[in-house]
Number of protein chains: 4
Amino acid sequence: MIFPASGTGAWEAALVNTLSPGDKVLMVETGHFAALWHGMANKLGLAPEFIRGDWRHGADPAAVEARLVEDRKHEIKAVCVVHNETSTGVTSRIGEVRKSIDRAKHPALYMVDTISSLASIDYRHDEWGVDVTVAGSQKGLMLPPGLSFNAVSDRALAASKSAKLPRSYWNWEEMIASNKDGWFPYTPATNLLYGLRVALKMLLEEEGLENVFKRHDRHAEATRRAVRAWGLEILCANPAEYSSSLTAVLMPEGHSEIAFRQVVLDHFNLSLGSGLTKLRDKVFRIGHLGDFNDLMLCGTLSGIEMGLELARVPHKKGGVDAAMDYLASQPAAASAGKRAAA
Amino acid sequence: MIFPASGTGAWEAALVNTLSPGDKVLMVETGHFAALWHGMANKLGLAPEFIRGDWRHGADPAAVEARLVEDRKHEIKAVCVVHNETSTGVTSRIGEVRKSIDRAKHPALYMVDTISSLASIDYRHDEWGVDVTVAGSQKGLMLPPGLSFNAVSDRALAASKSAKLPRSYWNWEEMIASNKDGWFPYTPATNLLYGLRVALKMLLEEEGLENVFKRHDRHAEATRRAVRAWGLEILCANPAEYSSSLTAVLMPEGHSEIAFRQVVLDHFNLSLGSGLTKLRDKVFRIGHLGDFNDLMLCGTLSGIEMGLELARVPHKKGGVDAAMDYLASQPAAASAGKRAAA
Amino acid sequence: MIFPASGTGAWEAALVNTLSPGDKVLMVETGHFAALWHGMANKLGLAPEFIRGDWRHGADPAAVEARLVEDRKHEIKAVCVVHNETSTGVTSRIGEVRKSIDRAKHPALYMVDTISSLASIDYRHDEWGVDVTVAGSQKGLMLPPGLSFNAVSDRALAASKSAKLPRSYWNWEEMIASNKDGWFPYTPATNLLYGLRVALKMLLEEEGLENVFKRHDRHAEATRRAVRAWGLEILCANPAEYSSSLTAVLMPEGHSEIAFRQVVLDHFNLSLGSGLTKLRDKVFRIGHLGDFNDLMLCGTLSGIEMGLELARVPHKKGGVDAAMDYLASQPAAASAGKRAAA
Amino acid sequence: MIFPASGTGAWEAALVNTLSPGDKVLMVETGHFAALWHGMANKLGLAPEFIRGDWRHGADPAAVEARLVEDRKHEIKAVCVVHNETSTGVTSRIGEVRKSIDRAKHPALYMVDTISSLASIDYRHDEWGVDVTVAGSQKGLMLPPGLSFNAVSDRALAASKSAKLPRSYWNWEEMIASNKDGWFPYTPATNLLYGLRVALKMLLEEEGLENVFKRHDRHAEATRRAVRAWGLEILCANPAEYSSSLTAVLMPEGHSEIAFRQVVLDHFNLSLGSGLTKLRDKVFRIGHLGDFNDLMLCGTLSGIEMGLELARVPHKKGGVDAAMDYLASQPAAASAGKRAAA
């Protein structure tokens, strides 16, 4: 399903198409966006339950399993997890959470937000048995914001037949009926659909999805090496959950990320991500996803390294060097540059 | 309020922010889009009442008044009217319906869809006491689809405090809170906001809204003269309700608008509007709104006149002549062409 | 040869690569552009001879033959003809002039300006034995101005070996040497080369050159029918030499084309061609070449018909009608519109 | 004067408008482009004399003075110098050469090529008494190639009245006559003129020419520090003549710049400048002009540093570090980033 809306709309579509007022939903507090989705569930009249987290780890498969096992009456109707937490740079292990649900033999629908992971980090809607995947246009798909997506399993579709939350704009049923003949139930975001065709050609045909994922993994590792060389701390506490889309970095105690980002913006026209809610003024975020290459990364890391200097943030030099050492020692295919230029 | 969504989303926003499940809503069947809005109210769990219409007239102020007078208990919470019915080319008299509500001394909120009239046909949100105006980007604002709008009165805002329909994406409260500092509660359709700035400059500063309305009125009258010269019938039955955005034309008995439009598309790359639902295969629609000038209109009417010939639809010649006679006898300001070129 | 220059540069390239100071050149006065080329030959130190003309006919093959026969010593080194005179809307019969040269058994090089005919009107560089064809980017090739071309025969290339006019920028020899490896002897107009690739794909693959020519012929005939219906006179006096790129129209005695064009520009943002030098204030010109379709033509003719009315130029109505009658009676392939939309 | 041509055309215009066949011209061999200009003078029938150079220094004011003093009969009609040699990254001291001419009391016209310096490096046409300045669109003016320029002194204009080289396309006289009313003697490169308006607004109003020059100086110094840190040699031998537009770097003995640049292109999609003619396979060139900022420079230098590693070119690390140290210690105005973003 393609909605003329930003990703938040696709979250809402996932919930209102499959659930009924008062339904219990199990959500996992991985960060700011998980919290927003949880808030949305509340506003829509659902009864979300939030497995608390420290914003430095992904969803804990064991905790999910434990809670589901406990739910003998199967009151929990859905488990909602954010694949890649844009606020923290932590990627949850979606396949392992699936196994937890299976081990608990729990019939809850499984919903996953891939807004900042789709087409950047490996993700398997079918293989991992996800019932509703939520996605958006403005990250890995390299488009302006304004399109969002639901990929839907047969179970989710079946659930939508009896779900009672009111819905109209987000209604899957009418979307499916219209799409059959190439239409939409209301005006689609036409220009973005043209862009989507080009983006998919670039991702699937020109570079190849495997290479896209490798490129993101490589840039993320180079970024982390730079961060460590600066003597700064990566927010994500579990190396198995490092995000390949972005890296959040803790500011040294007593230093403001807001002030730091302002210096970087003013001097280098580089806009870093801010710390959101709980992390306000505590972390800054380095995006390395989408239409991005080695030298854009080096330019980005250079802006940060010089910004740390200008803002008098305690740090060691050598971050860019560490990134370059890694990139040069693990070169992409010699044709990577050429392909991008084609 | 600006939503990253197409116009249908702004309809939903108007309803879910102000109403509660089961609320009575008085709607007026002016055509396909009024019927869709009525259907949406049903899906959202409201109790819409539909004043039936023949799809050739606008909302009847007297009928609205009569129904409201009858509603002594004030169970009707909102009156919803489509300003310009895109399916019929009929423009409802929004100011007169306001007077009907006032005469009935009824407290219902007044909601108006201006999707195909805003910035094309004169419209007064404040002066006409509209509580929620619904609009979109892709008609008179000359942008791609993907932005929609709610203009909201103090009464509507007050109603939103107690309205009980679940809402999150469409929630005015969070939008207002975020907008205060120049932000949005979720990712806005950034590129369209840039386009909006340009469109508003063109409409308000370069051409001037008065001139924009005059231009649309003039093109609509020229179009109707062409239609009459062809011996065809305009769908809109009340001259006081002619639309300046588009003109719907009845096909002669026994002739298919679908076949006719195909001929026009194939030969002239001109895409006319189709007949919708009740009007399927019975009318075609000529759009004359947005970024449009005299010669684009003449080209459009020429394509139709030649198409009628090629599709062997019974008609008289002279439609383009009639339009040109009118346009040349009522010239726009001599500077109109120049301004457009600036 | 592709030069980063406008068409006038390609004229110069044709002359300086093949001729020596004082060389006799036979040129034919078909209109303003032929006169400019003649002026250029003078400035470059050649001795051009001008077969006078009335600006209403193309090059006269018999006159060319007579002059060449007379030139027993073969002092004339080149015959230069403008294929399509943009100032008059007259197309010279290049193939017949070739036959004249052959009948005269004269060894002069044959140079032809196709700036406003290439990719609009049938033209055969090889078949007609042209030695240097001159062309530009901004007409039938649908690009901005800034590229110009020389197509060169073996005889012209041989002549360039001994030609003594100084040359550097326009030097074919270095261009050919560089082009071999895909380079240019100096910075080419890169962005226009990308555009050229797209334009050639549209002309040769998508529409097909035969169809392109037919489209231009059809629009030219429709235009002439409109002109005749208005009771105005076409400048081109010989129907065998009507241009399919543009039509020049004589203003009625006592009426100013300058004033008329201003009215049309002011009211309709339509920019007609002016009368040049000898034809100043006497003719206006209707362009119908390049990226142009039936409805653009009808819009153009409508602007002229209304402009004649507004400027009070004596005329009969019915020009647009005459054009539409012809276009509808001689429809392009039903797929023409579709193809343009693809 | 604005010509629809690339910079090479403006060289030709400078010569053909002011000189006569056989005229002596004093040129200075600063590198590849000076040699090309010298070659052009030969082809046009002039008698250029070339002050030999080692391609590592700019024009020597003393050598120019000595030669002019020697020319008692004033046979030398023009002195031609390239301000910034794009092939070597050496900037000649144009003001000092002016003083040499003055000291020699020689009436020769003074012509300067600013193709790769205009709007990047400080230059004073009037103050330095230059008679013809030659420029192009595709470097500091940030436009595609296709426009070139002559700025002309009264003395040059006077010389053009008696100059005897044939000319038509490049003729100043007709250009000046047409320009008076806002026209051109032939079709100009319209789209680039629109671009020029925007570029001039960016340079003169938004950033300010002083800041533009400072930005280029700063990036050039940072680049040189990187080169030195790598242990590589800058081609330009005289620090007073370092170019702020680009830096040419000598490859270590036994290493091919062609192979090196290919590695950089393949891996990083970064296209460095090649070694031209005498410098073939010996230097590579780093461009840092036009629409360029600190992080683009860091990205560029990173690509080179990693490329040196991948291509196994002997070097020390730390080039990017050296550049960053300098950039951060000499920050541009805190508003520089913001301004670029406005």
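A quick note: this is a predicted structure, and the numbers were derived from the prediction, not measured. Computed from heavy atoms alone, side chains included, the values below leave out hydrogens, waters and symmetry copies. Within every chain, numbering begins at 1; the chains are lettered A, B, ... in the order of the sequence lines, protein sequences first and strands thereafter.
Residues meeting the ring pair (Phe, Tyr, Trp, His ring centres under 6.0 Å) test with D:F149, sequence neighbours left out: none. With sequence neighbours excluded, the residues satisfying side-chain contact (heavy atoms from CB on, under 4.5 Å) with D:A108 are D:I76, D:V79, D:H106.
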Just list the donor-acceptor pairs under 3.5 angstrom between chain D and chain C, please.
unit_1 : atom_1 : unit_2 : atom_2 : d
D:S6   : N      : C:Y169 : OH     : 3.0
D:S6   : OG     : C:T187 : O      : 2.8
D:E12  : OE1    : C:Y169 : N      : 2.7
D:K43  : NZ     : C:E174 : OE1    : 3.2
D:K43  : NZ     : C:E174 : OE2    : 2.8
D:Y169 : N      : C:E12  : OE1    : 2.7
D:Y169 : OH     : C:S6   : N      : 3.0
D:E174 : OE1    : C:K43  : NZ     : 3.2
D:E174 : OE2    : C:K43  : NZ     : 2.7
D:T187 : O      : C:S6   : OG     : 2.8

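Proximity to chain D (any heavy atom under 4.5 Å) is restricted, for C:P188, to the backbone atoms N, CA, C and O.
Chain D forms more heavy-atom pairs under 4.5 Å with one residue of C:A5, C:A189, C:G146 than with any other, namely C:A5.
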